[in-house]
2 protein chains.
Amino acid sequence: MKTQEAHSGLRERKKQRTRDALLRSALELFTTKGYDRTTVDEIAEAVDVSQRTFFRYFTSKEETAFAVQDMVESRFVTLLRERPAADSPFEALRGAVLDAWDTLGEPIEEVVPVELHMRTYQMIESTPSLIAVHLRRSTELEEEIARVIAEREGLDVEADLRPRVTVAAFSGVMRMAGRLWGAGEDISVESIREVTESYLDQLGPVLAGKWRTE
Amino acid sequence: MKTQEAHSGLRERKKQRTRDALLRSALELFTTKGYDRTTVDEIAEAVDVSQRTFFRYFTSKEETAFAVQDMVESRFVTLLRERPAADSPFEALRGAVLDAWDTLGEPIEEVVPVELHMRTYQMIESTPSLIAVHLRRSTELEEEIARVIAEREGLDVEADLRPRVTVAAFSGVMRMAGRLWGAGEDISVESIREVTESYLDQLGPVLAGKWRTE
DNA sequence: TGTCAACTGTCAGTCGCTGTCATTAGCCTC
DNA sequence: GAGGCTAATGACAGCGACTGACAGTTGACA
């Protein structure tokens, strides 16, 4: 899934270049023409390969839309695991997301410009068929995150509700933030980082029963 | 969307019968062969109409899978609105779901046997492409429910976080219950009602910070 | 350099879904 | 109750996502 530079013959490099080119072209087309109005044939044509070849790199048109998200998410999980053991579950989650936003370029820049990824994210948030897939992927990620949290705390995910409940609350807020950001004007990373942070900071008080913020 | 009996000429009745037949055949095929392995042609053939006619009754194959859910959900919203004003938001939600399960037959029996609907629900919970759609539909329903709650409490949904947060927590638990039920053996209404109730009853203590249940 | 395996293109076909147009069949009026 | 109106349907053609099969091309490596 990641860009591999090392141990590569000409063949490997060529493959990587084709994949990257397909991905970039796809996202560029999606964000300019719209996902539904972009055909796989157009994507393939833009890179000058056959449609059949496209389907050898990506199992579906959908997959291209989420390929970069995939990289970002797995980075998030890594960052979460690296959090100091002293952090509470919520602090760890909060810290990992903010870290992830602050260093967004690292995992993806080599494949796709950050700005294109942001446009892609916004496009996903405004395309019904992709929203559906996005939500399903999110629940799968939630499951993984809950396991990491349980591990950190030395708990059994199946027996103890707390990891899943914590993650569910956290994810709910993240989804809300994503939706709000997607509906807004400012497409920048700074913007979503800011929205994320302020929403997360409201979660604690709300759960604690403090309804009034002032 | 609902079964209309009154003010019907032969034409209306015939249409209704065709729609019901298509729906029943579709769900029957989905639950026996699997959603992906049944084609629209098969559904149409089973009712002896052309494939084109199928698409005049349902905008997509997906729609048939959720047609009954739709009826159940709108019934739930109605029940929620009818809850006594004295109920707290959570009590109202809890009461409405349990009511809905207890009288499941009323809204749907005329169109589809309850048992078929239960099998359909389970099938949705175990079909990735439908899980995605299910989640998106759920978030749309959540939005509606949040508005009802806000109305009940005389609050502004946009300004006050509480309605949405409450509904988000409630829905999260409902989804968990649905998933658990779908993975289990017992397909009965009683079974899911029971799972729902016990999960909901755990939510209060968990949110209040009581981690130990004993 | 030649052999092998990986990669790719071409083609044909399935399935979901849509537009078009001719035909059928309730419905309504005179 | 014959005839006209219109909703409902069927038949057909076509698009786009996706797959399987087969043949041609091109790196890898002895």
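The sequence lines fix the lettering, A, B, ..., with proteins before strands; numbering per chain opens at 1.
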Sugar-phosphate only, base, or nothing, as touched by B/Tyr57 at under 4.0 Å among non-hydrogen atoms: sugar-phosphate

Nucleotide nearest B/Thr53 when distance is taken to its side chain, options C/dG16, D/dG10, D/dG20: D/dG10

What is the separation between atom CZ on A/Arg11 and atom P on C/dA5, rounded to the nearest whole Å? 11 Å

Classify the ring geometry between A/Tyr121 and A/His134 as parallel (under 30°), tilted (30 to 60°) or perpendicular (over 60°). perpendicular

Nearest to the side chain of B/Arg56, heavy atoms from C-beta on, is which of D/dA11, C/dC11, C/dA25? D/dA11

Side chain to side chain contact (heavy atoms under 4.5 Å, CB included) with B/Arg162: which of B/Leu155, B/Val167, B/Val157? B/Leu155

Distance in angstrom units between A/Arg52 CZ and D/dA17 C1', rounded: 12 Å

Which nucleotide, C/dC17, D/dA11, D/dA17, lies nearest any side-chain atom of A/Phe55? D/dA17

So, is A/Lys15 close to the C/dC7 phosphate, meaning a side-chain N or O under 4.0 Å from OP1 or OP2? yes

Separation of C/dT14 P from B/Asp41 CG (nearest whole Å): 11 Å

For B/Phe58 and B/Phe54, take the angle between the two ring planes, folded into 0 to 90°, and tell me which bin it lands in: parallel under 30, tilted 30 to 60, perpendicular over 60. tilted

Mind calculating the distance between NZ (B/Lys61) and P (C/dT14) to the nearest angstrom? 16 Å

note: A/Leu130, atom CG; D/dA17, atom P; distance rounded to Å ~ 13 Å

Determine the contact category for A/Ser50: base if any of its heavy atoms lies under 4.0 Å from a base atom, sugar-phosphate if only primed atoms, P, OP1 or OP2 are that close, otherwise nothing. base

Kindly assign one of parallel, tilted or perpendicular to the pair A/Phe170 and A/Phe90, based on the angle between their ring planes and the thresholds 30° and 60°. perpendicular

Check B/Arg75 with B/Glu106, please: is the shortest side-chain N to carboxylate O separation under 4.0 Å? yes

Can you check the A/Ile43 CD1 to D/dC18 P distance for me, whole Å? 10 Å

Calculate the interatomic distance between A/Arg17 atom CZ and D/dG27 atom P; express it in whole Å. 11 Å

Closest to the 5' end of DNA chain C, once B/Gln51 and B/Lys14 are matched to their nearest nucleotides, is B/Gln51

Calculate the interatomic distance between B/Asp36 atom CG and D/dC18 atom P; express it in whole Å. 13 Å

